[in-house]
Amino acid sequence: MAIIVPCLSPRNDMSSICDELVVWYGHARRDLPWRAPDVTAWQILVSEFMLQQTPVARVAPIWLDWVARWPTPSATAEASAADVLRAWGKLGYPRRAKRLHECATMIATEHDDQVPHDVEVLLTLPGVGSYTARAVACFAYQQSVPVVDTNVRRVVARAIHGRADAGNPSATRDMADVLALMPDDETAPVFSAALMELGATVCTARSPKCGVCPLRVCAWRAAGHPPPAIAPRPAQRFAGTDRQVRGKLLDVLRTSTSPVPREQLDVVWLTDTAQRDRALDSLLVDGLVEQTADGRFALCGEAN
DNA sequence: GTCCGGAAAC
DNA sequence: GTTTCAGGAC
């Protein structure tokens, strides 16, 4: 009698990879708060917003406070944009906070306060792109869809294709690769979480810990760990950029409970006044900061 | 393709 | 001091 147990019998390399990953994940997984069993789809969506370009260690405490304060989309939508920006704190890329607030409003008003299930619908939400839509569909709703972030792309590039990193090939191609590896059943979320976890903790960009990797077969290791084929793009710096200036300006406004006069903002960046003005203007354009009738500045939606 | 934060690891 | 990151919008 044939018993079909996807992912639990080493029929070939692919099911073997899945099997090894899931077993390893069972004991190596980090106990992250958004992985608890009673976490809602909305709270998972909040975690994915916060985790965009931001390490786990910095997200965890903010996320815990956030979901306790605003447990549902409607509760988040009812908060003022300014309070949302303050709660976001120094997580970085504050446009994400604004988009999360807009996303909450759209779900509350157009989706009956329920996070959509379908990837196509999720993709219509502000701040939700290819990765976040599929992460929610998979982790919140147990759908067997490929969840491909930078870490997953790197693992696939190495283990399957024998390359040091994802390189140029499109994320679409990587999604097809992951789809081929995935179990098409209720174990998909565990598989995807395991793949991401491997990329985050073992198969890391800088110094991969191949000595503790659970995969028996890895094309990159088999090929002798060849270096990246293309030179890595010159790293974006941070010191002295508009982003740093924006961060300093926004920090003043987050801290203040009342609108701030121009002079109080000017002092945070004295080395380049043109750059400072440009940064402030971009915050106004982004809808993160607004100017009061008397010419002072405040976080957007401060009065609401 | 470029822009958008911030902190921890080198 | 410099590099390194769990994306998305334009």
Side-chain angles (χ1 to χ4, degrees), chain A residues 29-30 32-35 44-63 85 88-103 119 122-136 138-139 146-156 165-166 168 170-172 174-175 178 192-209 228 230-254 268-269 275 278-289:
Chain A
R29 72 191 292 262
R30 294 168 294 176
L32 306 178
W34 44 87
R35 286 176 176 169
I44 288 174
L45 179 55
V46 172
S47 78
E48 294 299 345
F49 263 83
M50 292 181 174
L51 288 165
Q52 292 167 3
Q53 301 285 287
T54 308
V56 162
R58 289 176 53 199
V59 167
I62 305 284
W63 182 85
L85 279 172
W88 193 261
K90 307 189 89 168
L91 265 189
Y93 295 125
R95 293 191 297 191
R96 290 182 295 164
K98 179 179 168 64
R99 289 176 191 142
L100 179 56
H101 193 220
E102 293 166 352
C103 184
V119 169
L122 286 162
L123 285 170
T124 68
L125 300 171
V128 176
S130 177
Y131 164 75
T132 304
R134 289 173 178 81
V136 170
C138 181
F139 299 135
V147 183
V148 178
D149 67 355
T150 301
N151 282 330
V152 170
R153 296 190 68 190
R154 185 175 57 252
V155 172
V156 168
D165 55 53
N168 204 19
S170 69
T172 305
D174 290 321
M175 283 208 288
V178 172
S192 280
L195 199 55
M196 295 179 64
E197 191 80 341
L198 188 74
T201 65
V202 175
C203 196
T204 55
R206 241 189 318 214
S207 48
K209 304 174 181 67
I230 58 173
R233 50 178 292 200
Q236 59 168 347
R237 67 184 205 294
F238 173 59
T241 62
D242 288 4
R243 281 157 54 218
Q244 184 181 25
V245 183
R246 282 165 57 103
K248 287 182 177 297
L249 292 171
L250 209 55
D251 193 36
V252 172
L253 298 174
R254 267 197 310 264
V268 305
W269 197 257
Q275 184 182 33
R278 184 170 68 241
L280 179 56
D281 187 57
S282 73
L283 288 171
L284 290 163
V285 169
D286 284 349
L288 297 171
V289 173

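Any value given below was found using the heavy atoms of this structure, including those in side chains, with hydrogens, waters and symmetry copies removed.
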Round to a whole Å and report the spacing from CG of A/Asp165 to P of C/dC5.
10 Å
For A/Leu123, enumerate each residue passing the side-chain contact (heavy atoms from CB on, under 4.5 Å) test, keeping only those at least two apart in sequence or located in another chain.
A/Val119, A/Glu120, A/Ala133
Give A/Val128 one of three labels, base, sugar-phosphate or nothing, depending on what nucleic acid heavy atoms sit under 4.0 Å from its own.
sugar-phosphate
Rounded to the Å, how far apart are A/Trp88 CH2 and B/dC4 P?
17 Å
Grab the CZ-P distance between A/Arg96 and B/dC3 for me, whole Å please.
19 Å
Please identify each residue that fulfils salt bridge (charged side-chain N to carboxylate O under 4.0 Å, His left out) with A/Arg237, with sequence neighbours left out.
none
Which ones in residues 280-289 of chain A lie close to DNA chain B, meaning a heavy atom under 4.0 Å from one of its atoms?
none
Could you pull out the protein-nucleic contacts involving nucleotides 6-10 of chain B (nitrogen or oxygen on both sides, under 3.5 Å)?
| from | atom 1 | to | atom 2 | distance (Å) |
| --- | --- | --- | --- | --- |
| B/dG6 | N3 | A/Arg58 | NH1 | 3.4 |

Partners passing salt bridge (charged side-chain N to carboxylate O under 4.0 Å, His left out) against A/Arg30 (at least two apart in sequence or in another chain)
A/Glu197
Contacts of A/Pro61 that satisfy side-chain contact (heavy atoms from CB on, under 4.5 Å) - sequence neighbours left out
none
CG of A/Leu45 versus P of C/dG7: gap in Å, rounded?
15 Å
Under 4.0 angstrom, heavy atoms only, what part of the nucleic acid is A/Ala205 near: base, sugar-phosphate, or nothing?
sugar-phosphate
What pairs with A/Glu102 under salt bridge (charged side-chain N to carboxylate O under 4.0 Å, His left out), at least two apart in sequence or on another chain?
A/Lys98
Is any side-chain N or O of A/Ser130 closer than 4.0 Å to OP1 or OP2 of C/dG8?
no
Euclidean distance, atom CZ of residue A/Arg95 to atom C1' of C/dG8 [Å, nearest integer]:
8 Å
By side-chain contact (heavy atoms from CB on, under 4.5 Å) - contacts of A/Ala279 (at least two apart)
A/Val245, A/Arg246, A/Leu249
Once you apply a heavy-atom cut-off of 4.0 Å, does A/Thr150 come out as touching a base, just sugar-phosphate, or nothing?
sugar-phosphate
Does A/Arg237 have a side-chain nitrogen or oxygen under 4.0 Å from the phosphate oxygens OP1 or OP2 of C/dT4?
no
Using only side-chain N and O atoms of A/Thr132, determine if any of them is under 4.0 Å from OP1 or OP2 of C/dG8.
yes
Taking only residues two or more places apart in sequence, or in another chain, which ones meet A/Arg58 in a side-chain contact (heavy atoms from CB on, under 4.5 Å)?
A/Thr54, A/Pro55, A/Leu91
